[in-house]
Amino acid sequence: MIKISKMHQRVLRAHGAMLALTAMLPLGSALAQAVAAPELQSVTVTAQRRSENIKEVPVSVTQIKGEKLDVLVSGGEDIRVLAGKVPSLNVESSNGRTFPRFYIRGYGNTDFNTFASQPVSLIYDDVVQENPILKGFPIFDLAGVEVLRGPQGTLFGRNTPAGVVKFESEKPNMRKIEGYYNGTVASHNTINVDGAINVPLSDQWAMRFSTLRQHRDNYVDNYADPAFTVKRGELDGYNEHAERLQLLYAPDTSLSALFNVHQRTTTGSSRLFRANLIKKGTNDFADGFDADRVVTNAQNYQNLKTSGASMRLSWDLGAVKLYSISGFEQVNRYLSRGDIDGGTPAGPGFIPFQVETAGGISGVKQYTQEFRAESKVAGPLNWQAGLYYFNEDANGYTDNFNSTTGAQTSHLASHQDNTAWAAFASLNYAVSDAFTVRGGVRYTNDKKDFNTVSAVNVVQIGPGSVSTSKSKANWDLSATYKVNKDVNVYARAATGFRAPSIAAASASVPITVADAETIVSVEAGVKADLFERRGRVAFSIYDFNVKNQQLTVVGGNSNVNRLINAAKTKGRGAELDFEAYVTSDFKVTAGGSYNFTEINDASLSVNKCGSCTVTDPLNAAGRVVIDGNPLPQAPRWTVNATARYQWPLADGQLYVLTDWSYRSKINFFLYEAVEFSGKPLTEGGLRLGYIWNSGKYEVAAFGRNITDTRRITGAIDFNNLTGFINEPRTVGVQFKGNF
């Protein structure tokens, strides 16, 4: 008898589900022929650096655009609002609106270091945003967001072993003067205003200017004592504005030049840490928890300014199209200062020592250049090839303070220079009308030079500088088969690479270096139109192995941050995307994912927290063994769904829309502890709106997190049971106009 491992049993079950789904599609189509509903519009994505129908792309990809994006950000939300809104995507931050961290299929990086790299790449208008501070640029005037799951190391390259989140702004056009304006007023005096105007300047030039303004009042009462008798003020507000100016030059159909300049400015509270927020021995809120009150004795604020520019040139030479993409991004300033222990010497609860810290960037400058050529022939063979250059010069620092006096007690400043180049190529070959194969390769060389610039009241252990360099070739291979005009199946194998990472020193930890990590991933899926194209479904299964995964160890019994490598990390799962018109006036969408991750390294152990209940075994040295644990911030299950019903009226339509997202429990850290396990989180939105004058105007009342579900979403794992929570319920009204 042949024995089959549990992992392969799961994979076989997932394959069976996919085949069963494929077999049901013709039946579902036949049953739905009588349904009076419109066809879904085709979805075009650029997941393979070309505009293609999403059904033809052999990658697990989801696109968000239009009304769905508008609904998500209506309450003044930042980029973290995308968490859970598509399968296998999580976004979180211990720094509030700045420094978001992305995870795809459970694979990400919890590092809060200024020089942190992430295995999920964020690309905005074809320019990679490498530093985590750059990844938080606001969501406004977008043509769409694409989430590409799995390694994308051939065509995108830069730190993409987990996947890519790709933003594309609306572009200028020479048709007419047009644009939109959008305003929202919501709870806590939340104001969200954005708009854009497109202006044809001549028959060869066009301009598009977009802007965003966001504000929320400080609404969380800040007290100087745990008895709530001495009020210090209010916290948790923000002010943000961002602008984007684009100029398009197109003298003829063969040449196009797009120029883009943009900036972002943010001020407000840093993340609110709450001392002993978690009840000992549970993952519940401590008795007496009040989301509208905190106790601090330290300063709490952050400010950020970023700016950038890009130039995208294309030349259509008939059989070949050439591209040049030049990008410059910079962090002009960044400082986030807060009460890390989350309280005062008097509490809440027992706080062994006071910690007030600040993390900052005195400057980041990033230069990128890509040259790419792609074929444009009618034959079965098409190709892409190119060269890529990246340079980042970054300066960051950390400061410690006396919480009582505010005086600075230590200062550590570091500098990193990162230079990389790559060459890549990709081929598509149509074996027949039904069968297409694709393959690609990329060679990357990445070099980092790191040094401590200044150390005041910090005795550094080990050398003051370190250099590392690594080269790697990555590949991918995929095939797509058209079962019939409605159903495609695909399979894909791909590898990815993340260069070595470096973390700054601290009082008790030297500069640490994590070796390069690599991934081998396989996936298979089906993409199909349903019900005479009134519905659409995509289903995929995957399995991956990461070698030498870079992990971040934080805390323990002191406020430290260091890098380690796990010998191997395994992951597997399944993803589903579905949308359909039930009737001409009723549309539903649903998505979900199952993501299993596991660290496999029996030799790996970390320091345990000072006051939590660790459930992992300890080794002889009293350290926590993390072998077999899931990755942090990796929920096993995520589910999202929307439903929209409209009533046609004489001059428009009245509609109601609801959207929901769910994620299962998560671990905050590499080790497992009762207190540091986040409970499942379900959040929902509700919207009632009226659209009139052929879609020119819209007014709506809405609610976000309408159940006001509050959860502990992260923690600080030293000193005490300090944590932070998700956003509150927001209700408001919105008006939008187009011209």
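No experiment lies behind these values; they were computed from the predicted model shown.
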Without swapping roles, check the side chain of [X] against the backbone of [Y] for a donor-acceptor pair under 3.5 Å.
| X | Y | value |
| --- | --- | --- |
| Lys85 | Asn640 | no |
| Asn109 | Ser117 | yes |
| Ser269 | Asp236 | yes |
| Asn726 | Thr709 | yes |
| Gln118 | Pro100 | yes |
| Asn667 | Glu672 | no |
| Ser93 | Thr98 | yes |
| Asn131 | Thr114 | yes |
| Thr357 | Asn400 | no |
| Asn192 | Thr184 | no |

Residues Glu130, Asn159; criterion side chain to side chain donor-acceptor pair (under 3.5 Å); working and verdict: CA-CA 8 Å; Glu130 175 67 11; Asn159 289 341; 2.8 Å; yes

Taking the side chain as every heavy atom from C-beta outward, state whether [X] and [Y] have any pair of such atoms under 4.5 Å apart.
| X | Y | answer |
| --- | --- | --- |
| Thr306 | Glu329 | no |
| Tyr124 | Leu142 | yes |
| Tyr301 | Thr267 | no |
| Asn457 | Thr409 | no |
| Asp393 | His415 | yes |
| Gln633 | Arg663 | no |
| Val220 | Glu234 | no |
| Val73 | Val81 | yes |

Can you give me the closest heavy-atom contact between [X] and [Y], atom names plus distance?
| X | Y | result |
| --- | --- | --- |
| Thr707 | Thr682 | OG1-O, 4.4 Å |
| Ser410 | Val458 | CB-CG2, 3.9 Å |
| Ile564 | Ala514 | O-CB, 4.1 Å |
| Gly108 | Pro119 | CA-CG, 3.6 Å |
| Ile599 | Ala566 | CG2-CB, 4.0 Å |
| Ile712 | Asn283 | CD1-O, 4.0 Å |

Will you find, in the side chains of [X] and [Y], an N or O donor that is under 3.5 Å from an N or O acceptor?
| X | Y | value |
| --- | --- | --- |
| Ser403 | Asp339 | no |
| Tyr671 | Asp717 | yes |
| His215 | Asn239 | yes |
| Glu92 | Thr713 | no |
| Ser94 | Arg101 | yes |
| Gln302 | Asn95 | no |
| Asn607 | Arg623 | yes |
| Gln263 | Asn332 | no |
| Ser593 | Thr638 | yes |
| Gln550 | Ser501 | yes |
| Ser362 | Asn395 | no |

Atom pair [atom1]/[atom2] of [X] and [Y] - distance to nearest 0.5 Å:
| X | Y | atom1 | atom2 | answer |
| --- | --- | --- | --- | --- |
| Leu563 | Thr552 | CG | OG1 | 5.0 Å |
| Thr190 | Tyr219 | OG1 | OH | 8.5 Å |
| Phe137 | Ile79 | CZ | CD1 | 10.0 Å |
| Leu72 | Asp659 | CG | CG | 6.0 Å |
| Ser605 | Leu670 | OG | CG | 11.0 Å |
| Thr404 | Glu356 | OG1 | CD | 9.5 Å |

Reference residue Asp221; test salt bridge (Lys or Arg N to Asp or Glu O under 4.0 Å); the match among Arg293, Arg232, Lys231: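 When Arg293, Arg232, Lys231 are each tested with Asp221, the salt bridge (Lys or Arg N to Asp or Glu O under 4.0 Å) holds only for Lys231.
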
Thinking salt bridges, do [X] and [Y] make one under a 4.0 Å N-O criterion?
| X | Y | answer |
| --- | --- | --- |
| Arg97 | Glu77 | no |
| Asp290 | Arg274 | no |
| Lys679 | Asp284 | yes |

Candidate list Thr722, Asn720, Asp341, test side chain to side chain contact (heavy atoms under 4.5 Å, CB included), partner Asn276, passing option: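 It is Asn720, the one option of Thr722, Asn720, Asp341 that forms the side chain to side chain contact (heavy atoms under 4.5 Å, CB included) with Asn276.
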
Worked check of salt bridge (Lys or Arg N to Asp or Glu O under 4.0 Å) between Arg213 and Glu243: CA-CA 9 Å; Arg213 295 291 187 275; Glu243 292 80 36; 2.6 Å; yes

Lys68, NZ: over 12 other non-hydrogen atoms inside 6.0 angstrom: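 For Lys68, atom NZ is crowded (more than 12 foreign heavy atoms under 6.0 Å).
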
Whether Trp637 and Tyr594 hold their rings parallel, tilted or perpendicular, with breakpoints at 30° and 60°: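 Tilted: the ring planes of Trp637 and Tyr594 meet at 30° to 60°.
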
Chi angles and distances behind the side chain to side chain contact (heavy atoms under 4.5 Å, CB included) call for Phe289, Lys279: CA-CA 10 Å; Phe289 162 73; Lys279 182 186 291 186; over 6 Å; no

Verdict with supporting geometry, Leu618 and Val624, side chain to side chain contact (heavy atoms under 4.5 Å, CB included): CA-CA 5 Å; Leu618 304 181; Val624 184; 3.7 Å; yes

Derivation of the side chain to side chain contact (heavy atoms under 4.5 Å, CB included) call for Thr642 and Val71: CA-CA 11 Å; Thr642 70; Val71 167; over 6 Å; no

